[in-house]
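All figures in this text were calculated on a predicted structure; none of them were measured in a lab. Side-chain atoms are counted along with the backbone in the values below, which use heavy atoms only and exclude waters and symmetry mates.
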Amino acid sequence: MIEWKKYDYLISTDKSKIDLNVVHNFLTHSYWSENISKELVQKSIDNSLCFAVYHCGDLVGFARVISDFTTFAYLADVFILPEQRGKGLSKWLIQVIIDHPDLQGLRRFTLATRDAHGLYAQFGFTLFDKPEGWMQKHDPGVYKRKK
């Protein structure tokens, strides 16, 4: 567990502090995981390196990394609550993630985004140079069917 502090904000990798209700509420209304169940959110937290942003003890942001910690990582579920945006928290969160000691020396660090390319580009993320070499198995309705 590692923690970083800045003013009244804290970023922590301590999963025991994560407010599952806040994370689930945001994710279930997001474009990338609409209708995801609380149980699946908990399972995703349990199996990821998580980073939660707190303001005066309240969770206001979140991200998680799925990785083997050797060659590959995938950044997922990144958010800052709307009322906390515009304060540089997303940049701080991404910098903390990029600098995390367990995520150094990776050959590839990936993510998917619909609307935050500019943010991630500031940290060295680029579009795939050869997207034809990547494949996926995608089921966008999976959370709507599983109840």
Side-chain angles (χ1 to χ4, degrees), residues 1-2 4 9-55 58-147:
M1 184 209 59
I2 305 174
W4 301 260
Y9 293 90
L10 171 77
I11 296 178
S12 177
T13 60
D14 184 351
K15 293 179 188 180
S16 70
K17 291 183 176 188
I18 295 172
D19 185 333
L20 179 62
N21 290 323
V22 173
V23 176
H24 173 254
N25 187 57
F26 187 90
L27 293 179
T28 198
H29 295 98
S30 70
Y31 71 82
W32 66 87
S33 58
E34 186 178 8
N35 295 322
I36 191 169
S37 71
K38 191 178 284 189
E39 293 75 24
L40 287 179
V41 173
Q42 182 63 62
K43 187 174 182 180
S44 73
I45 289 170
D46 291 344
N47 292 291
S48 302
L49 173 60
C50 297
F51 298 80
V53 183
Y54 301 92
H55 180 249
D58 295 327
L59 192 145
V60 299
F62 179 81
R64 64 188 184 93
V65 176
I66 303 105
S67 182
D68 62 8
F69 302 108
T70 305
T71 63
F72 183 84
Y74 180 80
L75 178 60
D77 295 337
V78 180
F79 71 85
I80 300 294
L81 293 179
E83 60 271 18
Q84 292 289 334
R85 292 179 187 166
K87 300 177 182 180
L89 296 175
S90 60
K91 289 181 184 179
W92 182 39
L93 176 59
I94 301 306
Q95 188 66 62
V96 162
I97 293 168
I98 294 299
D99 291 344
H100 190 282
D102 290 343
L103 300 173
Q104 302 309 301
L106 299 172
R107 181 164 185 237
R108 191 174 308 270
F109 202 147
T110 64
L111 61 87
T113 184
R114 183 169 72 183
D115 54 7
H117 297 79
L119 168 66
Y120 299 116
Q122 295 174 56
F123 298 93
F125 287 92
T126 62
L127 297 176
F128 287 111
D129 57 342
K130 296 181 181 176
E132 66 277 5
W134 286 85
M135 297 179 71
Q136 67 177 345
K137 183 177 177 197
H138 188 217
D139 185 354
V142 67
Y143 307 134
K144 292 178 183 176
R145 288 191 305 276
K146 290 187 177 183
K147 292 289 179 183

(message) Set out, in order, the CA-CA distance, both residues' side-chain angles and the distance that settles side chain to side chain contact (heavy atoms under 4.5 Å, CB included) for Val60 and Tyr54, then state yes or no.
(response) CA-CA 5 Å; Val60 299; Tyr54 301 92; 5.9 Å; no
(request) To the nearest 0.5 Å, tell me how far Asn25 CG sits from Lys38 NZ. (result) 9.0 Å
(message) Can you list everything that forms a side chain to side chain contact (heavy atoms under 4.5 Å, CB included) with His117? Sequence neighbours excluded, please.
(response) Thr113, Leu127
(request) Sequence neighbours left out, what passes side-chain hydrogen bond (donor to acceptor under 3.5 Å, both in side chains) with Ser33? Give chain and number order. (result) Ser30
(request) Have a look at Tyr120 and tell me which of Ile98, Leu111, Thr126 forms a side chain to side chain contact (heavy atoms under 4.5 Å, CB included) with it. (result) Leu111
(request) Drop me the distance from Ile18's CD1 to Cys50's SG, to the nearest 0.5 angstrom. (result) 4.5 Å
(request) Applying side chain to side chain contact (heavy atoms under 4.5 Å, CB included), name anything that partners Asp19, two or more places apart in sequence or on another chain. (result) Asn21, Val22, Leu59
(request) With sequence neighbours left out, write down each residue that passes side chain to side chain contact (heavy atoms under 4.5 Å, CB included) with Met135, or none if nothing qualifies. (result) none
(request) Output yes when a side-chain donor or acceptor of Tyr31 lies under 3.5 Å from a complementary backbone atom of Arg114, and no otherwise. (result) yes
(request) Please list all pairs passing the side-chain hydrogen bond (donor to acceptor under 3.5 Å, both in side chains) test where one or both residues lie in residues 69-80, with sequence neighbours left out. (result) Trp32-Asp77, Arg64-Asp77, Asp68-Thr71
(message) Applying side-chain hydrogen bond (donor to acceptor under 3.5 Å, both in side chains), can you list everything that pairs with Ser16, at least two apart in sequence or on another chain?
(response) Asp14
(request) Kindly say whether Ile36 contributes a backbone atom to a donor-acceptor pair with the side chain of His24 at under 3.5 angstrom? (result) yes
(message) For the OG1 atom of Thr28 and the CG atom of Asn35, what is their distance to the nearest 0.5 Å?
(response) 5.0 Å
(message) Rounded at 0.5 Å granularity, tell me how far CG in Asn47 sits from CD1 in Ile66.
(response) 9.5 Å
(request) Go through the structure and list residues passing salt bridge (charged side-chain N to carboxylate O under 4.0 Å, His left out) with Asp139, not counting sequence neighbours. (result) Arg145
(request) Kindly indicate whether the side chain of Leu106, heavy atoms from C-beta on, has any atom under 4.5 Å from the side chain of Ser67. (result) yes
(request) Show the numbers, then the answer: is there a side chain to side chain contact (heavy atoms under 4.5 Å, CB included) between Val53 and Trp4? (result) CA-CA 9 Å; Val53 183; Trp4 301 260; over 6 Å; no
(message) For the CG atom of Asp102 and the CD1 atom of Ile2, what is their distance to the nearest 0.5 Å?
(response) 6.5 Å
(request) Rounded to the nearest 0.5 Å, what's the gap from CZ on Phe123 to CD1 on Ile97? Could you check? (result) 9.5 Å
(message) How close do Ser48 and Ser44 get, counting heavy atoms only, and between which atoms?
(response) OG-O, 2.7 Å
(request) Tell me, please, which residues at least two apart from Glu39 pass salt bridge (charged side-chain N to carboxylate O under 4.0 Å, His left out). (result) none
Under 3.5 Å, which donor-acceptor pairs do the side chains of residues 78-89 form with other protein atoms, sequence neighbours left out?
from  : atom 1 : to    : atom 2 : distance (Å)
Gln84 : OE1    : Tyr9  : OH     : 2.5
Gln84 : OE1    : Lys87 : NZ     : 3.1
Arg85 : NE     : Ile80 : O      : 2.7
Arg85 : NH2    : Ile80 : O      : 3.0
Lys87 : NZ     : Tyr9  : OH     : 3.4

(request) For residues 85-113, pull every pair meeting ring pair (Phe, Tyr, Trp, His ring centres under 6.0 Å), keeping only residues two or more places apart or in separate chains. (result) Phe51-His100, Phe109-Phe125
(message) Checking Lys15 now: which residues fulfil salt bridge (charged side-chain N to carboxylate O under 4.0 Å, His left out) with it, not counting sequence neighbours?
(response) none
(message) Please enumerate all residues that pass side-chain hydrogen bond (donor to acceptor under 3.5 Å, both in side chains) together with Asp99, with sequence neighbours excluded.
(response) Gln95
